[in-house]
Amino acid sequence: MSDVQIDGLAGFDMDANLEAGDGIKVQYSDELSFTIRRAGGANRAYGQLLSAKLRPLQRRIDMGMLPDEVANKVLAEVYAKTIVQGWTGIKSRGEDLPFSIENAIALFTSQPEVFRTIQAEATSAANFRKQAA
């Protein structure tokens, strides 16, 4: 099966550098943007860290007994470490909040809608496709 050549699917070619390297800049306003990598694809660090973080919780997951807040905190940490590479326009008490893993976790846990938006962008394959030459 590996010898099969499929034509006409160039639009589905992924850019590994966007997925796991430099990432993409997602601009929400003149001031607000996030630089993110893909949740999946060539970003192996994402899957590896997620698996490692979920492994000790697997029994609770299987039993349907893992509280949402625990799952969300784990996912926020994984995204802070493997997906979000930086941001502009995030402020705290009127001052720019520098990107750090700790600040990203705090942002995602205090502002779940921001986190859901970042998750949607990071899981959208269309954001990480190779651009046509």
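Both backbone and side-chain heavy atoms feed into the values below; hydrogens, waters and symmetry mates do not. Just so we're clear, the structure is a prediction, and the values are computed from it rather than from any experiment.
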**Prompt:** Rounded to the nearest 0.5 Å, how far does CE of Met63 lie from CD of Gln58?
**Reply:** 12.5 Å

**Request:** Answer yes or no: is there a donor N or O on one side and an acceptor on the other, between the side chain of Gln27 and the main chain of Ser29, under 3.5 Å?
**Result:** yes

**Non-hydrogen side-chain atoms of Lys81 and Leu49 separated by less than 4.5 Å** = yes

**Request:** Using the rule that two of Ile, Leu, Val, Met, Phe, Trp, Tyr join whenever any of their side-chain heavy atoms come within less than 4.5 Å, decide whether Val84 and Leu50 are in one cluster.
**Result:** yes

**Request:** Could you state whether Leu107 and Leu32 fall into the same hydrophobic cluster, counting links through intermediate Ile, Leu, Val, Met, Phe, Trp or Tyr residues with side-chain heavy atoms under 4.5 angstrom apart?
**Result:** yes

**Asked** Counting N and O atoms only, with roles assigned by atom type, does the side chain of Ser124 sit under 3.5 Å from a partner on the main chain of Ala120, one being a donor and the other an acceptor?
**Response** no

**Request:** Determine whether Pro98 and Asn103 make a side-chain contact, defined as any pair of heavy atoms from C-beta on separated by less than 4.5 Å.
**Result:** yes

**Prompt:** Which atom pair, heavy atoms only, marks the closest approach of Leu97 to Trp87?
**Reply:** O-NE1, 2.7 Å

**Prompt:** Ignoring hydrogens and geometry, is there a side-chain-to-backbone donor-acceptor pair from Asp96 to Lys91 under 3.5 Å?
**Reply:** no

**Asked** Donor-acceptor pair, Ser33 side chain versus Gly89 backbone, under 3.5 Å?
**Response** no

**Asked** Would you say Glu95 has more than 12 foreign heavy atoms packed within less than 6.0 Å of its CD?
**Response** no

**Request:** With sequence neighbours excluded, tell me which residues meet ring pair (Phe, Tyr, Trp, His ring centres under 6.0 Å) with Phe115.
**Result:** Tyr79, Phe108

**Item:** Contact summary for Ala104 and Phe99, nearest pair of heavy atoms
**Value:** CB-CE1, 3.8 Å

**Message:** Give me the atom names and distance for the closest heavy-atom approach of Ala20 to Ala42.
**Reply:** CB-O, 3.4 Å

**Prompt:** Under 4.5 Å between any side-chain heavy atoms of Asn72 and Thr109, yes or no?
**Reply:** no

**Request:** Find out whether Glu121 and Ile36 are in side-chain contact, i.e. whether some heavy atom of one side chain is under 4.5 Å from a heavy atom of the other.
**Result:** yes

**Message:** Which residues pass the salt bridge (Lys or Arg N to Asp or Glu O under 4.0 Å) test with Lys25, not counting sequence neighbours?
**Reply:** none

**Prompt:** Of all heavy-atom pairs between Val74 and Leu57, which one has the smallest distance, and what is that distance?
**Reply:** CG2-CD1, 3.9 Å

**Prompt:** Atom OG1 in Thr117, atom CZ in Phe34: separation rounded to 0.5 Å?
**Reply:** 8.5 Å

**Prompt:** In terms of hydrophobic clusters joined by side-chain contacts under 4.5 Å, are Tyr46 and Ile105 together?
**Reply:** no

**Asked** How close do Ile83 and Ala122 get, heavy atom to heavy atom, and via which atoms?
**Response** CG2-CB, 3.7 Å

**Close side-chain approach of Ile24 and Thr35, heavy atoms under 4.5 Å** = no

**Message:** Can a donor-acceptor pair be found, under 3.5 Å and without considering hydrogens, that links the side chain of Arg37 to the backbone of Asp22?
**Reply:** no

**Asked** Do Phe128 and Leu18 come within less than 4.5 Å of each other through their side chains, counting heavy atoms only?
**Response** yes

**Request:** Flag the pair Val70 / Lys73 as yes when at least one side-chain heavy-atom distance between them is below 4.5 Å, and no otherwise.
**Result:** no

**Message:** Under the salt bridge (Lys or Arg N to Asp or Glu O under 4.0 Å) definition, can you give me all pairs with a residue in residues 46-63, not counting sequence neighbours?
**Reply:** Lys53-Glu77

**Request:** Determine the minimum heavy-atom distance between Ala39 and Thr123, stating which atoms define it.
**Result:** CB-CG2, 3.9 Å

